[in-house]
Amino acid sequence: MPTEPDEIELSGDELREVARYAAACARRVLPLFERGVPGDTRPREALDAAEEFAGGGRRTAGLRRHAWAAYKAAGEAAAPAAASDAARAASHAAGAAYLHPRASAHQVKHILGAAAHAARAEELTTAPVAPGALEWARDHAPAAVVVVLARFPAAPAGGGRVGELMRELDAALRA
């Protein structure tokens, strides 16, 4: 019985396109975090770092630190609930640079995690920001992102509502 290859081909340009897409998805809901937690710049810095990488910058330890800092900001955001998911979207955008060329469904989170958290942030707010985040992510996924996604197994089970949103987007992009 044939098995999936352990390694997946992934070029530097493709990795940058994935990071650019993830950052664009997260940037749309950043105001939800900034309104809820004024003065905390960690998610914005993570997005700036992701965009710098996408624009040709190096994948550095600093980029990884920014991803973790945004993740920590998400955990510290007391309210509103949408602020946490907006910060997680920024964390996933910076983390997209660390997509590994391994045939693992977990890696799909590096590709679509920012979009799924952005969509969840949108669901949790009534403030007018980034309407249709999941539809936007589907409609604005660059061809390179769709090609890269097709090399990986489908998004994994679990993950609560964010996982559901990720699987919905995954299925739409593979259709």
Side-chain angles (χ1 to χ4, degrees), residues 18-54 62-100 104-142 145 149 152-174:
V18 169
R20 181 176 291 110
Y21 168 68
C25 290
R27 178 90 48 197
R28 298 181 78 244
V29 296
L30 180 62
L32 294 174
F33 180 84
E34 292 179 333
R35 281 197 299 259
V37 190
D40 189 338
T41 61
R42 293 175 292 180
R44 177 173 291 279
E45 291 166 356
L47 289 176
D48 291 346
E51 290 165 345
E52 181 179 327
F53 168 75
L63 177 58
R64 190 178 294 274
R65 277 193 305 275
H66 283 299
W68 283 112
Y71 183 79
K72 187 173 180 184
E76 294 171 0
S84 278
D85 275 293
R88 281 187 180 86
S91 175
H92 275 274
Y98 295 95
L99 171 64
H100 299 293
S104 164
H106 173 77
Q107 294 303 312
V108 174
K109 293 177 184 179
H110 286 296
I111 303 169
L112 301 179
H117 278 286
R120 182 62 178 149
E122 176 188 77
E123 282 183 349
L124 293 170
T125 187
T126 57
V129 65
L134 200 62
E135 294 80 11
W136 188 92
R138 181 195 63 227
D139 295 342
H140 289 84
V145 169
L149 184 63
F152 289 89
R161 180 64 180 140
V162 172
E164 290 173 9
L165 292 165
M166 188 178 336
R167 286 186 296 280
E168 182 180 331
L169 179 58
D170 183 41
L173 293 176
R174 291 174 191 267

request  = Grab the two heavy atoms, one from Arg138 and one from Ala172, that are nearest each other, plus how far apart they are.
outcome  = CD-CB, 3.8 Å

ask   = How close do Gly95 and Ala67 get, heavy atom to heavy atom, and via which atoms?
value = N-CB, 3.9 Å

task = Using the salt bridge (Lys or Arg N to Asp or Glu O under 4.0 Å) rule, pick out the option among Arg44, Arg27, Arg20 that qualifies with Glu51.
result = Arg27

request  = Looking only at non-hydrogen atoms, find the nearest pair between Ala97 and Leu63 and report the distance.
outcome  = CB-CD2, 3.4 Å

ask   = What closest approach, in Å, do Ala118 and Ala89 show between heavy atoms, and which atom pair accounts for it?
value = N-CB, 3.9 Å

Parallel, tilted or perpendicular: rings of Tyr71 and Trp68 (30°, 60°) = perpendicular

key: Separation of Ser84 OG from His117 NE2 (nearest 0.5 Å)   = 10.0 Å

query = Under 6.0 Å from the CD atom of Gln107, do we count more than 12 heavy atoms belonging to anything else shown?
reply = yes

task = Measure the CD-CG distance between Glu45 and Leu47 for me, rounded to the nearest 0.5 Å.
result = 10.5 Å

inquiry  = Taking Ala137's backbone N and O only, do any of them form a donor-acceptor pair with Tyr21's side chain (distance below 3.5 Å, no angle check)?
reply    = yes

Nearest heavy atoms of Val18 and Ile111, plus distance in Å = CG1-CA, 4.0 Å

query = Which distance, rounded to the nearest 0.5 Å, do you find between the CZ of Phe152 and the NE2 of His106?
reply = 11.0 Å

query = Which is it for Leu124 and Leu32 under the side-chain contact (heavy atoms from CB on, under 4.5 Å) test, yes or no, and what are the steps along the way?
reply = CA-CA 10 Å; Leu124 293 170; Leu32 294 174; over 6 Å; no

ask   = Are any non-hydrogen side-chain atoms of Pro156 and Lys109 less than 4.5 angstrom apart?
value = yes

message = How long is the straight-line distance from CG of Asp85 back to NE2 of His92, given to the nearest 0.5 Å?
response = 9.0 Å

key: Distance in Å, His66 NE2 paired with Ser91 OG, rounded so as to fall on 0.5 Å steps   = 12.0 Å

key: Where Thr125 and Ala82 come nearest, the two heavy atoms and their spacing   = CB-CB, 4.0 Å

ask   = Would Arg120 and Glu123 pass as an ion pair if we require N to O under 4.0 Å?
value = yes

key: Sequence-distant partners of Ala87, side chain to side chain contact (heavy atoms under 4.5 Å, CB included), two or more places apart   = Phe33, Pro43, Ala74

inquiry  = Working to the nearest 0.5 angstrom, can you tell me the gap between Leu134 CG and Asp139 CG?
reply    = 9.5 Å

query = So Arg161 and Glu164, salt bridge (charged side-chain N to carboxylate O under 4.0 Å, His left out) or not? Walk me through it.
reply = CA-CA 5 Å; Arg161 180 64 180 140; Glu164 290 173 9; 3.0 Å; yes

